[in-house]
Amino acid sequence: KAKVRIALIIESTVDDKGWGQAMHDAIMAVQKKYGAALVEYNYSEKMKPVDAGSAARQYASRGFDIVIAHGAQFKNLVLELCEEFPKTTFSFGTNAEIGPKNVFTYMPMSEETGYVNGIIAGMVTKTNVIGIVGPVDAGDSARFNRGFILGVKAVNPKADIKVAFTGSFADYVKAAELAHTQVKANADVLTGAAQQATGALRAVAEYKDKPIWWVGQDTLQITMPEGFKVIAAASYDYSAVIEVMIDKRQAGVLGGESIPLSFTNKGFVFKYNDKVGAVLTAAIRKAADKALADITTGKLKIDWAPVKY
Amino acid sequence: MNRAAKVAYGGFVVAAAIFAAMFVGALVMMAIGADVFRTYWVILTEPLQDLFGVTEILVRAIPLSLVALGIAIAFRSGILNIGAEGQMLMGILAYAATAIALPGLPKFILLPLSLLAGAAGGALWGGIAGFLKARLQVNEILSTVMLNYIAAQFYTFLLRGPLMDPGELVTGTGTPQTIRLPKGAWLDRLVEGTRLHAGLVIALALAVAVFFLLWRTTVGFRMRAAGAEAKAARYAGIGVERYLIIAMLLSGAFAGLAGAVEVAGVHRRAIEGISGGYGFTGIVVALFGGLHPAGIIPASAVFGLLLLGADMTQRSANVPANMVLVLQGAIILSIVAARQFMNNPYVQDKVTRRFAKWFGKRVPTVPEAAEAACPDPADVAGPCTAGEDGQGDGKNPAEGR
Amino acid sequence: MVNFLTNILILGVPFSVALLLAGLGEMFNQRAGVFNLGCEGIMAMGAFLAFMPPYFLAGSMPAGMANLVGILVAMAAGALMGLVFALVTVTFRAPQGIAGIGLHMLGWGTAGTLFRHFVGGVTGVPGIQTLPIPFLSGIPFLGPVLFNHNPLVYLAFLLVPAAWYLLFKTPWGLKVRSVGTYPRAADTMGINVNRVRYQALALGGAMAGLAGAYLSLAQAKMFADDLVAGRGFIAVALVYFGRWHPVGILGGALLFSLAQSLQLSIQVAGIDFPYEFAVMLPYVLVIVVLALSGKSKMASPTDLGKPYNREQRV
Amino acid sequence: MRPEPIRTLELRGITKRFPGVLACDGINLDVPEHSVLALVGENGAGKTTLMNILMGLYQPDEGSILLNGRDVKFRSPNDAFGHGIGMVHQHFMLVPNMTVVENIALGMKETHKTFGLDLKQVRRRILEISERHELPVQPDAFVWQLSVGEQQRVELVKTLCLGARFLILDEPTSELTPQETDELIVLLKKMSDELSIIFISHKLHEVKALSDTVSILRHGRMVFRGNTADHSSSDLAALMTGHEVNLPRNECGDGCGDVLLEIRDLRVRSDRGYMALDGVSLDVRAGEILGVAGVSGNGQRELADTLNGLRRAESGTVLLGGKQLLNRSPRDVIDSGMGYIPEDRNTEGIVPSFSIKENLVLKDFAAGTFSALSFLRLGTIRRNADNLKKRFDIRCPSTDTAAGSLSGGNIQKVILARELARGPKALVAVYPTRGLDMGAEEFIHNQLLERRREGVAILLISEELEEIMNLSDRIAVIYKGRILKIIPGGEATKKGLGMLMAGVMDE
Ligand SMILES: Nc1ncnc2c1ncn2[C@@H]1O[C@H](COP(=O)(O)OP(=O)(O)OP(=O)(O)O)[C@@H](O)[C@H]1O
Ligand SMILES: Nc1ncnc2c1ncn2[C@@H]1O[C@H](COP(=O)(O)OP(=O)(O)OP(=O)(O)O)[C@@H](O)[C@H]1O
Ligand SMILES: [Mg+2]
Ligand SMILES: [Mg+2]
C-alpha cells in the first residue's frame, strides 16, 4: 500500500471532548492501526471559515491526499477547491449530498444514538422529567435531540422532555447553568450534544449522591472523571469513515460518495456503564439492546424529521 | 532631530518593540517547548513566499480595512464602536436575504443592490447604538457589547429558520447556512486560482471616499467637530446628537458591508463564524492606522500578514493554534507602548536631549519667543498617525479609551 | 409558580458572581482612570491557573487547600497582568482600548496554549463545594437563595460593601477617585498618580483573576479553552451600567444573571418561540433598563482613558 | 513635625524647556521672609512654569533651589509641602465630584489611617483655619456645587491646612468678583505678617496694593526687579509688555440706534432645576454696548446660553431685529446674525484639536463661501485664515496649528476673529478678557468698541468693573436671576456697582 497523508481542519480544537475530538481520535486510531509509516497526519484547529480556506489549499498544494474539512460550513470551500486539485480527496460533513468525484461527504445519523439513549432515559427517570442541554438547534445535535425524544416516548409516553439551548457550541459555563436549571425543574436524567455538553455533565456530577443521571453523546463520557453519572454513552467513531476513504482512494476512487455514520457501519459505539449500579436494570439493557439491534439491522427506521419541540 | 536621526530613531523604537513582542511570545513558546526561531521564521516569511500567500493576506485585509474604516469614522466622531462583529452579521443577513430574494436580477443590479442591503443591515445595527447614545445616553461600550450577542443569536435564528438552505432540510443535515447565493451576487475573483476578489477595489475606493468624507466635506467636518469637542460643536450650531447617530450608521454600514463583501467574495453563502475576530482586530487596525484611511490600508495589510503567518505556524512549525493569539497580543501591546516614543514631542524632546548629552553635543536651541514656537500638528503626528489634528492634545478620542 | 421564581433566584445568584468580581475590579481600574478591556484575558488566565493546582495536586494535598492555592495563584497572575497593562498604558501611555484588546488576546492565547501543553483536553476538577451557612441556610426562601452557595459567592457579596468602603472611606479610595477624575489636582496634592493607577490595575487584575478562578473552580468546575466566553466584556459593560458604583455593579450583575436564569427557566418550562430570543433576553434587558433609568452626571471618572503626564498640558 | 521656617528662598538659574519652547531661561529669584513678591508678565511669560518648578511639579533642566541657603531638590509637591511651601494654582485643583473635606484630606497625609480616613480631624482643621483667617467654607459640600469664589476660598484653606508657611498664588483673583478680590487682598496683607507670599496677577492695581517687591518676566527671562512702591502701574505695564498700554474707553454720547436685541420676561431654569433667570428684560440698541454686571453664578451663563439657543427657556421672548429667537436651535440663532464669545473659551469657543483655520470657519464651513456642493473649499478656508490671522494679530507659526496649543489670549483672538468676521448684528461677549494680560485686553477692548461704532448691538457680560465701566453705554446689574437696575455708563461708580452686585439696593 502507498502512504496516505491526511489533513484535518476543524473550527474547535482536537481536545474539545466533542465534535472535533471525535474525528481527531478516529484518525489517530486509524494511524495506529495502519502504522505511522503508512498514514501521515496533520491538523489545523481553531479555523475560522476564511482560515480554513487557506489551510485547505496549503494542505492540497503540499500534496496531502485526503483533506477533511470537519464541518458543514466548509462545504463551499471544498466544492471550490476540489476542482482545482482534482487529484486530492476532499471530505466534509455533516452532509448527505453526493459531491463531485473527488469529494466524500459523511453524515452521522445521530437520531440513532439519540433513540437508544432516549429509551434508557425514559426508563430510568423517576420524576418523569428529562432534560436536554442543547447547543444550537441545528445539524447533528438537532437529529440527536429528535431521536432522543422518539426513544423516550417509545417507552414512556408520559415523560416530560424539556429541551433548551445555550445558543453556543462551546459555552461550557452556560451549559452547566442550563443543566442546573433543568435539575431544579425536576429533571433527573439529562443529555446533551456538542462540546458544551461536558459542562452540563460536570454540573450533573455535582449532584454526587442524588439520583440525577446523564446519558451521553459524542465521546465515550463513561471514562471521564464524571463517568460515575453516565449510565450509557454513544460516541462517534469516524474510523469507519476514514478507513473507507483510505481504502477507496487506494483503489482509485477519489470521492463521489456520501458515507453515513450509523450503527450499521459501526460508526457509532454504544456502551453501558457497568459501574453505575442498580439504575441500569436488566430491563433497561434489554430494551436498549433490542432497539440497537433493530436499528442496526434496519428493522427500525427513525422518522426524526417531523418531531417538534 | 534631523531627518536621518529621526528615521534611525524611529527604526530603533520599532525594532525594540518587535523584539519585546517576540520575547514575550518566545517565553510562552519555550514553556511549551516549541521551536521559537522556526515559528517566527514561518510567520514573517511563509505568507510572502508565493502569490497565493500574498493574495490570502489581501483576502484578510479587505474585511479588516472595511471594518477599520467604519470604526475610524465612529472614533473620529467620538464613539468607540466595539460592535462591528454584530454589525457584520446583520450586514451578511441583509445581503444574503436580498440576493436570495431576487436571484433573477442581472448582476449589475443585483450585486450593488445586495451589497447596499448589507451596508444597510449593518447601519441599522450600528444606528441602534448611536440612537441609544445620542437620545438616551446609553454608553456605547455597553450597548455594542450587548448588541453583538443579540446579533449572534438573531443570525443563527435566521440561518436555521427562514434563511436556511432548503436542501439542508431535505438531506436532513440541518446545518445553519443559506443556499449558495446566486452568481449575480458574487464579487469576481481578481486572480485566477486565488481567492483575491473585487472587494479589494471596494475597500480601496471606500478608503478614498472616507478620506474625502471626513476631511473634505461639511458632513465630515461636523462629525469630527462633534467628536473632538461636543460642546464647541453644539455652540457652533452643529446638531451633535444627529451626527453621533449618523456616524454610527456609517460605521455600522462599513461593518455590514465588510460582512457582505466577505460573503460575496469568499464564502458565497452565509455560514456561521464569518465575523469571528474581525470586529476586534478591526479596532486594532483602525487605531494602528491612526484613524486615517492612509494608515488603515497599510495597517490592514500588516495584520493580514500577521493573521495568516501566525495561522500557518500550526502547520509549519507545529505550535498550538492559540499561539496565534499570544503573538498578536504581544505585538499589539508592545507596538502601542512604543508609539509614544514616536509621537509624543515631550518624550522625543527628552530623548533627544539625553542623547545630545551623552554624545557631548550642544543642546538644541529653542526659538526665543514662545509664541513663535507652538508645535505644528504636522510635526507632532508620527508615522502611525497621519494626522490632521493635534495629536498632542488629549482630546483625540482615539487616545481616549 | 413561587417555586419557579425561587429557583430562578437560587440559580441566578451564583451566576452573577464572576461578573460581579470582574466588574468590581474593572470599577477600580476605571475609577483610577484606566479603561481595561483586557479583563477577559485576565479572567482566562485566572481560570486556567486556578484550575492547575487542584488538577495536578489532587492526590498530594487536601482539595480545599489545592483550591485555595489555585485561587491565590490566579489572583497573583491577575495582578501581574494588571501591572503589565499598567506598564503599557500608564508608563508608556498607550491608547487603552487597543492595549486592552492586546491584553485580552495575550491572556486568552497564553491560557489556551499552556493548557494544551500541560493538560490537553477538557477536564474537570472537584472544584469548590457548596457551604451552607449554618442556621441561616434554613430560613425559608432566603436561606436557599442567599445562604446555600459556595464560599466564593459569599466572598463576592461581601466584597461589595468592602469595595464601597475601600473606594469611599479609605485614603486609598480617595486617591483612586481623584486620580481618575482630575489627576493633575491629585498630583498637586502630592499624590503619585501613576503609582495609584498601578495599584488600582493590580487590584483590578487580581479581582479579574479571582473571577476567572470562580468560573473554573466554582461554576464550571473544569477548564476549557473558551471557558470565559465573553464574560469579561460583559463585566466591563456592566461597570457602565452600574455607573462606577459597587452597588450599581451588583445590580447590573444580578439583573444580567437573573435574566439569564429566567431565560433558561423559561426555555426549560417549554416555550413556543425560537429559543434564540430567549437567549437574547439578558442582553436586551440590560440595555433597556439602562436606557430607561435616570441619568446622573457626576458619577463618571471624567479622566477615564486619558494617560497622565505631569509636564504635558491637556 | 513642623518644618523649619523659611527665612530665605532663592531660585538660581532656573531653566526649563518644553518641546520647542524655552519656558524659563536662567531665572534668578529671591524671596525674603514675611514679604509679598509679585510676579508679573504677559501670558506665556513663564510664571506658572517657574512656580510649578518651585513646587516640585516640574523638574528644572538647569538651576537649583536654595532654602535658607541650602540646596534642596523637590521631586514632587510632597517635598515642597514638607518644607512648608504651598500653592494655589491658576486653575482650580479641586476634584469636582468629591466634597471639600475629601479634597483637603487628599493632601493631609497624617489623616490617612490604615483602616480609614480621619475625616473628623480634617474637618476640625478646616474649621480652625477658616475661622482664624475668616475664610468661610462648607466642608461637606461637593466642589461642583460651589461657586467660583467659594472654590477659590477652598483652595486657600486647603493650602493653609497643609501647613503652608510660604504661599504661592497663581492668578488667584482672575475668577473673583471685585469684592471678593478686595477681601482677598486684605486677607493676604494680613497673612503676610506670618507668611511669605508669591503673588501672580495680570492686574497691576492688585500688585500695587499688595506686594512689597515686584519681578517681571518676559519670554522666560527676568527683565525687572524692584520695589513696588517705586513704580507706578503704568510703568509696570510698559515694562511688562514692552510698550505703553492704554486701555480704551467708550466715550459715550454719540446717539445709539434702534433697539436691535430685545429680551422680554425671560424665565430659564438652571442645570440644577431652580429659576436661574426670573423674568429678565433687556434692550440692546444698535451701536450700543450694554454691560451686564454681576457676580458670576447669578444667571449670566443661563442668559448667554438661552440667547444662543443652547438652553431652553420656560417662557419669554428674544427678538433680534424683530425675529423671534427664543428656543430656536443654535443654528437658527447663528444664521440670524448673532455672535457669541462664550465663557469657556477652551471647550466652547474652539475645538482644541482642530487647526486654527478650521476653527475660524467653525460656524460657516457649510456656507457657500467655504463649501460647494458639500465639499469644503480648502483654498478659501486657508485664505480666510491667513487674512484673519493678520487682521486680528493671531500669533501662531501657521494656521494649521492646533488651536488648543495656543495661549489663552490667542485662543480668544481666534474666537473674536471668527465671530466678528461674520459681520454679526448682535454680539454676546461673556468674560471676554478673563485671565488675559493687558496687551491682549487692550486689543479686545478696541475690537469691541470698533464694532460698536459699526452699529453692532453688544451685550457684554463681565465681573470686571473696570472693563464694564470703560466699555458700556449702559450697565445692567444682574442679581439672582433678575435685573436689579440699569444705569447709564457715565453715572456708574465702582462702589455703587459693587453694592448692587451684592444685591444691595440703596435708597
Ligand atoms: N506643559 C507645557 N507644555 C508645553 N509648553 C508649556 C507647558 N507649560 C508651559 N509651556 C510653555 O512655557 C511658556 C510659559 O508658560 P506659563 O504657563 O509658565 O506662562 P504664564 O506666564 O504662566 O502665562 P499666563 O499668564 O498666561 O498664565 C509658555 O509660553 C508655553 O509655551
Ligand atoms: N499643550 C501645549 N503644548 C504646548 N504649548 C502649550 C500647550 N498648552 C499651552 N501652551 C502654551 O502655553 C502658553 C500659555 O498657556 P496658558 O494656558 O497658560 O495661557 P493663558 O493665557 O494663561 O490662558 P488662560 O489664562 O486662559 O489659562 C501659550 O503660549 C501656549 O502656546
Ligand atoms: Mg500661568
Ligand atoms: Mg493665564
Side-chain angles (χ1 to χ4, degrees), chain B residues 24 28-29 31-33 80 82 132 136-139 141-150 153-154 156-157 160-161 280-281 283-284 286-288 319-341 344 346-347 392-395 398-401, chain C residues 35 37-38 41 84-85 87-89 91-118 225 230 233-234 236-241 274 276-277 279-280 282-284 286-287 290-292 295 304-307 309 311-314:
Chain B
V24 172
V28 179
M29 280 187 250
I32 61 166
L80 175 53
I82 51 182
L132 286 169
L136 299 166
Q137 281 93 49
V138 174
N139 182 285
I141 293 174
L142 179 120
S143 63
T144 49
V145 164
M146 299 293 161
L147 283 168
N148 278 347
Y149 288 95
I150 297 172
Q153 290 306 320
F154 192 63
T156 11
F157 166 68
R160 166 182 93 71
F280 277 120
T281 315
I283 298 176
V284 177
L287 288 163
F288 260 90
V319 296
N322 275 314
M323 208 51 225
V324 178
L325 287 168
V326 177
L327 292 173
Q328 271 193 62
I331 289 173
I332 291 172
L333 283 174
S334 58
I335 296 234
V336 287
R339 249 180 51 154
Q340 76 152 344
F341 291 97
N344 189 322
Y346 288 77
V347 177
D393 142 87
K395 280 273 154 44
E399 303 289 334
R401 298 277 142 67
Chain C
F35 171 68
L37 203 52
V84 169
F85 194 67
L87 179 74
V88 173
T89 59
T91 300
F92 291 134
R93 301 190 193 94
Q96 293 167 7
I98 173 173
I101 295 172
L103 189 71
H104 155 56
M105 290 176 172
L106 184 65
W108 184 21
T110 307
T113 306
L114 297 180
F115 178 69
R116 165 62 55 82
H117 185 71
F118 290 108
D225 182 33
F233 292 108
I234 293 172
V236 173
L238 290 180
V239 175
Y240 289 88
F241 182 93
E276 283 95 346
F277 293 95
V279 176
M280 286 177 201
Y283 308 99
V284 177
V286 165
I287 296 182
L290 187 60
L292 298 183
K295 322 274 173 279
L304 180 56
K306 295 180 196 151
N309 182 347
E311 304 221 330
Q312 194 166 337
R313 302 245 184 128
V314 251

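In what follows, chains are A, B, ... by sequence order, proteins preceding strands, each numbered from 1.
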Margin query: According to side chain to side chain contact (heavy atoms under 4.5 Å, CB included), who are the partners of C/Val279, at least two apart in sequence or on a separate chain?
Written below: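 In terms of side chain to side chain contact (heavy atoms under 4.5 Å, CB included), with neighbours along the sequence ignored, C/Val279 is linked to A/Lys174, B/Gln153, C/Gln263, C/Gln267, C/Tyr275.
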Could you give the distance from [atom1] ([X]) to [atom2] ([Y]), rounded to the nearest 0.5 Å?
X        : Y        : atom1 : atom2 : value
C/Tyr240 : B/Leu142 : OH    : CG    : 9.5 Å
B/Phe280 : C/Met105 : CZ    : CE    : 8.0 Å
B/Tyr346 : C/Arg93  : OH    : CZ    : 11.0 Å

field: chain C contacts, top residue of B/Ala31, B/Ala338, B/Gly161, B/Ala337 (heavy-atom pairs, under 4.5 Å)
entry: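 Counting heavy-atom pairs under 4.5 Å, the top option is B/Ala337.
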What residue in B/Asn148, B/Val336, B/Ile150, B/Ile32 has the most heavy-atom pairs under 4.5 Å with chain C?
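It is B/Ile32.
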Distance-only check: which donor-acceptor pairs under 3.5 Å involve side-chain atoms of residues 319-333 of chain B, not counting sequence neighbours?
unit_1   : atom_1 : unit_2   : atom_2 : d
B/Asn322 : OD1    : A/Lys46  : NZ     : 2.6
B/Asn322 : ND2    : C/Asp225 : OD1    : 3.3

Contact class of C/Phe115 relative to chain B, heavy atoms under 4.5 angstrom
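Neither the backbone nor the side chain of C/Phe115 comes within 4.5 Å of chain B.
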### Task
Please look at C/Thr89 and chain B and tell me whether the side chain, the backbone, both or neither of the residue comes under 4.5 angstrom of a heavy atom of that chain.
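Neither part.
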For residues B/Ser143 and C/Ile287, report the shortest heavy-atom separation together with the two atoms involved.
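Distance-wise, the nearest heavy atoms are O-CD1, 4.0 Å.
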inquiry  = Is B/Val145 in contact with chain C via its backbone, its side chain, both, or neither, using a 4.5 Å heavy-atom distance?
reply    =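 The side chain, not the backbone.
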Handout entry: Side-chain heavy-atom pair C/Ile234, B/Met146 within 4.5 angstrom cut-off
Key =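 Of all side-chain heavy-atom pairs linking B/Met146 with C/Ile234, at least one is under 4.5 Å.
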Whether B/Tyr149 side chain and C/Gly230 backbone form a donor-acceptor pair below 3.5 Å: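 Looks like yes, one N/O pair under 3.5 Å.
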